[in-house]
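Just below is one structure, and these are the notes that go with it.
Remember, predicted model here, so these are calculated numbers, not experimental data. Quick note on labels: first sequence line is chain A, next is B, and so on, each numbered from 1.
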Amino acid sequence: VTAVLLGPPRPTVQALELDGDISLYDSATARAVVLNATASAVWRLLDGTRDAAAVVAALSAEYGVAADAIRADVERTLAELAATGMLESVQPSFP
Amino acid sequence: VEQITDPLRTVAASVPVRVLGSPFRIDCPDHGLATELRRLLAPFADPAGNRAAEVIAGSTVDRTLADLNIAALAGAGCLALHAGVVARGGQVVAFPGPSGIGKSTLTVACLLAGLDYASDEALCLDWDTGAVGAYPRPLALTPDAARLAGVDLPDPPPDGEVVLTAADLGATIAAAPLTLTHLVLPQRGAETALRPAPRSAAVAELLRRCFTSHKRPGEAFRLLHRTAADTTCWWLSLADPREAAAALAALLAGAD
């Protein structure tokens, strides 16, 4: 199975943080998105070095919750973040 | 196909005004309309006029004010977004929201509660400094909304909308310098109450309500983010506009 690495953000995306919540603006599309705390935590991990499983594992470790308990929510958030068009094209990795 | 319906339209009087930095000339078909517009638009009077003024064709008071508002916002040289704005002692509360949420009704209730008037339509932010500019257009309410806000109306009430100035309500227009200190996000509710809101919610609401962000979208994003960062943000459960006005007045208590 080929893992899919997520991110990094497109170079045209500016991220600003306020009280832990991230707002994003893409100058290429003039689109803005405001993330809640959970989505912001996911976004910070999308640097192009992790696939979905690694993102779940990182959040599980950071917040001390079981991976199975957060997998569905994280995957839904990843899908929503991908749909913003603010991430670079996903890249296949070759483990 | 454009149909010319009144090629011989006559102009009895013109009303020159300057709104949000742009000059306009309202051509009125009768002196009664011109007199009423001069009264309602006194804060925007531009006695010298301007040759380059955009012309607004006067019709009814309601329609003319609506046309002027659309043209003024289109030409605004600031970041304007849909919000009610009131003040005390130079400190400003803005409540952004969609049409129909009750911004004008709440604004009128705030003026009757003793706050100063900045706008029932637009929060206007200087692109460079973020300073608030007043846009004290006349307030137009249905008779029911006016009564809900606490306005005394004759019985039976007038037909159509009630159009009021700040002076009609015993209020004054907020004078510069004006600093935004509170952002209030109204939602309809069964009871009137304020509770703290995350500032990211305010950023999202401000972005949704922009009139002029398309002119400088990146700057708008950064300015609205900075604006939210510098304010205290609240959810307002809005049931009774007079109770809500008292809650907003309490936020600004001590600002004199």
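- In this structure, chain B has heavy atoms under 4.5 Å from both the backbone and the side chain of A/Gln14.
- With a 4.5 angstrom heavy-atom cutoff, B/Ala228 touches chain A via backbone and side-chain atoms both.
- To the nearest 0.5 Å, atom OH of residue A/Tyr25 and atom CZ of residue B/Arg222 are 7.5 Å apart.
- Atom CZ of B/Arg216 has more than 12 neighbouring heavy atoms from other residues, nucleotides or ligands inside a 6.0 Å radius.
- Nearest heavy atoms, B/Phe221 versus A/Leu16: CE2-CD1, 3.5 Å.
- Residue A/Ser27: no heavy atom, backbone or side chain, is found under 4.5 Å from chain B.
- Checking each of A/Leu18, A/Ile22, A/Leu35, A/Asp21 against B/Ser200 for a side chain to side chain contact (heavy atoms under 4.5 Å, CB included) leaves exactly one that passes, namely A/Asp21.
- Atom OG of A/Ser23 and atom CG of B/Leu207 lie 7.0 Å apart (nearest 0.5 Å).
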